[in-house]
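Some notes on the structure that comes next.
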Amino acid sequence: MSALEPVFLTSKLSLKRNLSNYNFAISLPEDKAVEIYHKVTHACSLLPDILDPSFQFEFYELEYINLLQQKKYEAAWYLPERIKHISKGQGIAICQHCFILINFDDHISICGFCKNNSEIEQLASILYKVETALGEMLSFAFDNELGFLTSDIHYLGVGLKYETYLASVFNLCSKKEKEFFLKKLKPILGTFFSLGIIQSFDEQAQDLEFVFYLSTLHSSVGNTKDFLQLVTETIEKITNLEIEKRFDLFSKNYDQVYDFILRNFLISKHAILISEDQLFDLITAYLLGIQIGLLTNIDVAVVKKIFFDLRSIYVVEIILNESKISLQDITIKMIERKRANILKTLFNTVCIKEFIE
């Protein structure tokens, strides 16, 4: 098992491009936004012949999809969370290798996911393969000094952005331990990365305790190779720091760590209701338990998969597929009960080692 596996839940790489002779997406007139949407989707429709058949895209213009579908794309991290306004010409193109956002921050964002960060260079290769093919059909905005032009000046030039969700035991630490952890973390992040808290997915007042959001702040680090190398090196350093803290906690505060894992283990086995926020606490506890050897009969990949699969909107879809109930009649309690039942089945064979006094 790679050391990164129990730390990073999923990562996304985006390659930003804009068409020449158009305003940036934020100031596009509606007719121009629609024009760009049709240009981009037409170019994408030719990619199976130019590249190979696996680059067959499906297209979704946002103003024509229903709210359930939109929320699914948000939960799956295709679209930004909690979109407040949809404009004409905004859309998404999806194939098995990647997806393309049209007319969001930039005219085109070619994006893809990697399950672990060892795949980042392979993913970048796919994104550039699509970008090169599209660039033969579309004229991208480019400046000889600045490079590719982007709506956010911090991404001028290369136009790459890296984002990830990571599970951390930071909030299990004492105040003194947190200060020491942050003191070591800040130089690693430098001016290249930003680490932030995540607002409750259940839209409550508090923030998530054990899942954090990490993203690059700019791509002004030279060329693509330099960017990817810096991302990889930074992720490795963050991973090593997190792993060090986990085993330090386990050795110094065994009872506290065991209690955290045990509580979430029992929740997964016996709870009647499990909220979306509780799900993410549970994921962190399970990943920690697997890594330090307290939990058995469970695979890291299974735990990471439920990060998306048991988001509320996907549980809603499961309920709709299994019953004749209408969407309007589904309650939060129904969602939380269904999630709890799925977890009981999924983790039925998981075992926890006995507490050592």
Problem - Flag side-chain contact, heavy atom, 4.5 Å: Leu228 against Lys225 - result: no

Practice task
Report whether Tyr22 and Ile26 are members of the same hydrophobic cluster (ILVMFWY, side-chain heavy atoms less than 4.5 Å apart, transitive linking).
Solution key: no

Problem - Reference residue Lys88; test salt bridge (charged side-chain N to carboxylate O under 4.0 Å, His left out); the match among Glu61, Glu30, Glu63 - result: Glu63

Problem - Donor-acceptor under 3.5 Å (Lys269 side chain, Val350 main chain) - result: yes

Handout entry: Separation of Leu273 CG from Ile335 CD1 (nearest 0.5 Å)
Key = 11.5 Å

Completion exercise
Heavy-atom closest pair (Asp105 atom, Ala25 atom, distance to 0.1 Å) is O-CB, 4.1 Å

Exercise for the section: Taking the side chain as every heavy atom from C-beta outward, state whether Phe181 and Cys173 have any pair of such atoms under 4.5 Å apart. Expected result: no

Problem - Verify same cluster id: Phe180, Leu182 (apolar side-chain graph, 4.5 Å) - result: no

Practice task
For the pair Asp259 (side chain) and Asp255 (backbone), establish whether a donor and an acceptor sit closer than 3.5 Å, ignoring hydrogens and angles.
Solution key: no

Practice task
Might you point out which heavy atoms bring Phe227 and Tyr162 nearest each other, and give the distance in Å?
Solution key: CZ-N, 4.0 Å

Practice task
State yes or no: do Leu310 and Val211 share one hydrophobic cluster built from I, L, V, M, F, W and Y residues joined by side-chain heavy-atom distances below 4.5 Å, directly or via other members?
Solution key: yes

Problem - Asp226 side-chain N/O to Asn223 backbone N/O, donor-acceptor pair under 3.5 Å - result: yes

Handout entry: Glu242 side chain near Leu166 side chain, heavy-atom distance below 4.5 Å
Key = no

Problem - Under 3.5 Å donor-acceptor, Ser268 side chain and Phe265 backbone - result: yes

Practice task
Look only at the side chain of Gln90 and the backbone of Ser87, and say whether a donor-acceptor pair between them is shorter than 3.5 Å.
Solution key: yes

Problem - Minimum heavy-atom distance Ser251-Asp248, with the two atoms named - result: OG-O, 2.9 Å

Exercise for the section: Can you see which heavy atom on Cys44 is nearest to which on Phe57, and at what distance? Expected result: O-CD1, 3.9 Å

Handout entry: Min side-chain heavy-atom separation Gln229-Thr232 under 4.5 Å
Key = no

Handout entry: Lys12 atom NZ, neighbour heavy-atom count above 12 within 6.0 Å
Key = yes

Handout entry: In one Ile/Leu/Val/Met/Phe/Trp/Tyr side-chain cluster, 4.5 Å: Ile330, Ile332
Key = no

Handout entry: Sidechain-backbone polar pair: Ser194 side chain, Ser215 backbone, donor-acceptor under 3.5 Å
Key = no

Exercise for the section: Take Ser20 and Ser139, measure what side-chain hydrogen bond (donor to acceptor under 3.5 Å, both in side chains) needs, and give me the verdict at the end. Expected result: CA-CA 6 Å; Ser20 57; Ser139 176; 2.7 Å; yes

Problem - Distance (rounded to the nearest 0.5 Å) between Ser109 OG and Asn103 CG - result: 10.0 Å

Exercise for the section: Would you name the heavy atoms of Arg246 and Leu288 that are closest together and state the gap between them? Expected result: CD-CD1, 3.7 Å

Practice task
Only pairs at least two apart or in different chains count here, so list each ring-ring contact (aromatic ring centres under 6.0 Å, His included) that has a residue in residues 118-147.
Solution key: Phe142-Phe148

Handout entry: ILVMFWY network linking Leu101 to Leu149, side-chain heavy atoms under 4.5 angstrom
Key = no

Problem - Any donor-acceptor N/O pair, Gln278 side chain to Ser275 backbone, under 3.5 Å - result: yes

Problem - Contact check, side chains of Tyr165 and Thr10, non-hydrogen atoms, under 4.5 Å - result: yes

Practice task
For this output row, return yes or no: ring centroids of Phe99 and Tyr73 closer than 6.0 angstrom.
Solution key: no

Exercise for the section: Tell me whether the centres of the aromatic rings in Tyr155 and His218 are closer together than 6.0 Å. Expected result: no

Handout entry: Pairwise side-chain contact, Phe8 with Leu214, heavy-atom cut-off 4.5 Å (strictly under)
Key = yes

Problem - Audit row: Val130, Ile100, side-chain contact (heavy atoms from CB on, under 4.5 Å) steps and yes/no - result: CA-CA 10 Å; Val130 172; Ile100 300 174; 4.1 Å; yes

Practice task
Measure from the side-chain N and O atoms of Asn18 to the backbone N and O of His107, and report whether any donor-acceptor pair falls under 3.5 Å.
Solution key: yes

Exercise for the section: Describe, in one word, how the ring planes of Phe347 and Tyr286 are oriented to each other, choosing from parallel (under 30°), tilted (30 to 60°) and perpendicular (over 60°). Expected result: parallel

Problem - Whether over 12 other heavy atoms sit under 6.0 Å from Leu327 CG - result: yes

Exercise for the section: Verify the neighbour count for atom CG of Asp143: are there more than 12 heavy atoms of other residues, nucleotides or ligands below 6.0 Å? Expected result: yes

Practice task
Ignoring hydrogens and angles, tell me if any N or O in the side chain of Lys304 forms a donor-acceptor pair with the backbone of Leu287 under 3.5 Å.
Solution key: no

Exercise for the section: State, to 0.1 Å, how close Ile325 and Ser323 come at their nearest heavy-atom pair, and which atoms those are. Expected result: CG2-OG, 3.0 Å

Completion exercise
Exactly one candidate in Leu195, Thr234, Ile235 meets side-chain contact (heavy atoms from CB on, under 4.5 Å) with Ile188; the answer is Thr234

Exercise for the section: Could you note down all residue pairs passing salt bridge (Lys or Arg N to Asp or Glu O under 4.0 Å) where residues 175-192 supplies at least one of them, sequence neighbours left out? Expected result: Lys184-Glu244

Practice task
Report the C-alpha distance between Glu276 and Ser312 in whole Å, list the side-chain angles of each, state the deciding distance to 0.1 Å, and finish with yes or no for side-chain hydrogen bond (donor to acceptor under 3.5 Å, both in side chains).
Solution key: CA-CA 7 Å; Glu276 196 164 77; Ser312 291; 3.2 Å; yes

Problem - Salt bridge present between Glu233 and Lys237 (N-O < 4.0 angstrom) - result: no

Problem - Side-chain heavy-atom pair Leu172, Asn253 within 4.5 angstrom cut-off - result: no

Practice task
Can you establish whether the number of heavy atoms outside Glu163 located under 6.0 Å from its atom CD is more than 12?
Solution key: yes

Exercise for the section: Start with the C-alpha gap between Asn171 and Phe212, add the side-chain angles, then the distance that decides, and say whether side-chain contact (heavy atoms from CB on, under 4.5 Å) holds. Expected result: CA-CA 11 Å; Asn171 280 316; Phe212 296 84; 3.9 Å; yes

Completion exercise
Distance col, row Phe260:CZ vs Thr284:OG1, nearest 0.5 angstrom, shows 5.5 Å

Problem - salt bridge (charged side-chain N to carboxylate O under 4.0 Å, His left out) involving Arg337 - partner list, sequence neighbours excluded - result: none

Practice task
Compare all side-chain heavy atoms of Ile267 with those of Asp281 and state whether any distance is below 4.5 angstrom.
Solution key: no

Practice task
Apply the test side-chain contact (heavy atoms from CB on, under 4.5 Å) to residues Glu35 and Lys39: give CA-CA distance (whole Å), side-chain angles for both, the deciding distance (0.1 Å), then the verdict.
Solution key: CA-CA 6 Å; Glu35 187 177 301; Lys39 280 188 175 183; 4.2 Å; yes

Problem - Tyr78 and Phe113 aromatic centres sub-6.0 Å - result: yes

Handout entry: N/O donor-acceptor pair under 3.5 Å between Gln69 side chain and Leu62 backbone
Key = no

Problem - Ion pair check, Glu74 and Lys71, cut-off under 4.0 Å - result: yes

Exercise for the section: Go through the steps to decide whether Phe280 and Glu209 satisfy the test side-chain contact (heavy atoms from CB on, under 4.5 Å), and finish with yes or no. Expected result: CA-CA 9 Å; Phe280 300 126; Glu209 280 195 274; over 6 Å; no

Practice task
Walk me through it: do Ser54 and Asp52 pass the test side-chain hydrogen bond (donor to acceptor under 3.5 Å, both in side chains)?
Solution key: CA-CA 6 Å; Ser54 64; Asp52 67 65; 2.3 Å; yes

